[in-house]
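Notes follow once the structure below has been shown.
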Amino acid sequence: MATTAQTSALRATAPAIVVLSVLALSAPAFAVQKAREGRQVVETVCAACHAPGKDGAPKIGDRAAWTPRFAKGIDALIDSAVNGHGGMPARGGVVQLEREELRSAVLYMFNFGLPPVAPPAEVAKADPRHKLVAGTDIYLGAMPAEAMRAGASSKASVPTGKGYYHLNISLADQRTGAQVKDAQVKLRVSDGMSEQASALAPVVANDSVSWGNFFKLTSGGAYNIQAEVTRPGVARPIVTNFEFRAP
Ligand code: HEC
């Protein structure tokens, strides 16, 4: 997060000319179309700064840069896009953009390079990997990296090499049935000989949040996948184990 000094420095250096030229380029497109998709908004407006990472703008598809910003919550992040934040002009400098459009644009930039994530209900139907612990439904999903590379529009964030899986956890509150969006999730993946442990990064789609990361599963044997879920309002971390065999 930028300090006040950095923030005002960014403000001072943000070139007004860039913002104006973005406006001039995009205004005609915006006059005609009402429902603008995240991708279109990004390509016509946000990309001017977010593609090159101008003045420290988090780059499109750079989840390492975006993830800490999501820590304050999606809505607070959308607020910054609406109101401006440091070198980030309010609404990207295009006043006609509506909040929902900015939201779609932010999610598009965050998820760029990943295939769309199935919402938890579908994951649950398609996948028997489900546990219910401490009032929380926990679903494990796994997708081979090769499959993701085939579907992804940018290959940059999907590891190459054999045996990588994107392991994904999605959560629902058992009592309300609502999706849990504010948890922190860690996974420990062990084949009995070696162990990989990692905090998962949020994977945000329009209305769903899950957590995922890549793990290398090459032994061909069975893996124990231990998920540790920390939920605000739940006193202790919720721990559960899945048996997983790389197909
Ligand atoms: C003129 C350049 C510019 C344009 C155009 C621009 N951004 Fe940014 N954006 C930035 C910069 C610079 C930052 C980093 C500011 C900071 O760290 O406080 C940023 C940061 C952000 C953040 C993170 C704010 C936070 O609180 O951490 C969001 C969200 C964002 N931009 C969304 C957008 C969207 C959506 C668009 C397109 C509609 C867009 N930006 C267009 C320069 C731009």
Side-chain angles (χ1 to χ4, degrees), residues 1-114 116-117 152-154 156-157 181-184 199-212 232:
M1 208 44 45
T3 64
T4 315
Q6 282 169 325
T7 306
S8 45
L10 280 173
R11 236 184 230 122
T13 52
I17 293 167
V18 171
V19 180
L20 287 174
S21 63
V22 166
L23 251 175
L25 282 176
S26 49
F30 286 129
V32 258
Q33 240 159 331
K34 190 77 197 125
R36 295 165 285 235
E37 294 202 358
R39 175 181 178 167
Q40 198 195 350
V41 173
V42 170
E43 285 173 356
T44 48
V45 183
C46 323
C49 300
H50 285 270
K54 191 167 185 302
D55 295 330
K59 287 191 192 175
I60 299 168
D62 182 352
R63 267 177 295 283
W66 280 103
T67 300
R69 292 175 187 267
F70 270 93
K72 62 183 158 190
I74 300 174
D75 288 321
L77 198 60
I78 310 305
D79 287 344
S80 312
V82 172
N83 303 320
H85 188 266
M88 162 72 202
R91 298 178 194 261
V94 178
V95 291
Q96 299 95 319
L97 284 175
E98 282 158 24
R99 187 183 172 86
E100 274 310 301
E101 295 169 319
L102 293 164
R103 182 186 169 90
S104 307
V106 172
L107 295 180
Y108 178 82
M109 291 197 278
F110 179 70
N111 287 319
F112 187 83
L114 282 185
V117 189
S153 44
S154 151
S157 51
K181 297 184 175 179
D182 53 0
Q184 291 183 322
L200 303 188
V203 180
V204 187
N206 264 326
D207 266 322
S208 73
V209 178
S210 61
W211 289 266

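In listed order, ligands and their atoms are each counted from 1.
Residue contacts with ligand 1 leave out G93, since none of its heavy atoms falls under 4.0 Å from the ligand. Contact analysis leaves E101 out of contact with ligand 1, as no non-hydrogen atom separation drops below 4.0 angstrom.
Of the candidates M88, H85, R69, R69 brings a heavy atom nearest to atom 27 (O) of ligand 1. The closest non-hydrogen atom to atom 2 (C) of ligand 1, taken over C49, G87, A47, P68, comes from C49. In the candidate list G38, G56, A57, G92, A57 is nearest to atom 10 (C) of ligand 1, counting heavy atoms. Distances from atom 9 (N) of ligand 1 to the heavy atoms of K54, E43, K72, H50 put H50 nearest.
If you take CZ on R39 and CZ on F112, they are separated by 7.5 Å, rounding to the nearest 0.5 Å. Atom CZ of R91 and atom CD of E98 lie 8.0 Å apart (nearest 0.5 Å). With values rounded to the nearest 0.5 angstrom, M88 atom CE is found 10.0 Å from N83 atom CG.
Set against the non-hydrogen atoms of V106, the atoms of ligand 1 under 4.0 Å away are 29 (C), 35 (C). Shown in contact with A105 at under 4.0 Å from a heavy atom are these atoms of ligand 1, numbered in order with element: 35 (C). Listed by atom number, the atoms of ligand 1 under 4.0 Å from L97 heavy atoms are 38 (C). Every atom of ligand 1 is numbered from 1 in the order shown, and the set under 4.0 Å from a heavy atom of S80 is 24 (C), 25 (C), 26 (O). Atoms of ligand 1 found under 4.0 Å from any heavy atom of P89 (numbered from 1 in listed order, with element): 1 (C), 3 (C), 43 (C).
Here the side chains of S80 and K72 are in contact, with some heavy-atom distance below 4.5 Å. Annotation: side chain of F110 is in contact with side chain of T67 (closest heavy-atom distance under 4.5 Å). Within the 4.5 Å cutoff, side-chain heavy atoms of I74 are placed close to those of V209.
For residues 39-62, the pairs satisfying ring-ring contact (aromatic ring centres under 6.0 Å, His included) are H50-W66, with sequence neighbours left out.
Taking a 6.0 Å sphere around CD of Q184, one finds it holds 12 or fewer heavy atoms contributed by other residues, nucleotides or ligands.
The proximity of A76 to ligand 1, defined as any non-hydrogen pair under 4.0 Å, does not occur for either the backbone or the side chain. With a 4.0 Å heavy-atom cut-off, ligand 1 is reached by no atom of F70.
Take R99 and apply the side-chain contact (heavy atoms from CB on, under 4.5 Å) test, not counting sequence neighbours, and it matches D75, I78, D79, V82.
Not a single N/O/S atom of C46, whether from backbone or side chain, sits less than 2.8 Å from atom 8 (Fe) of ligand 1.
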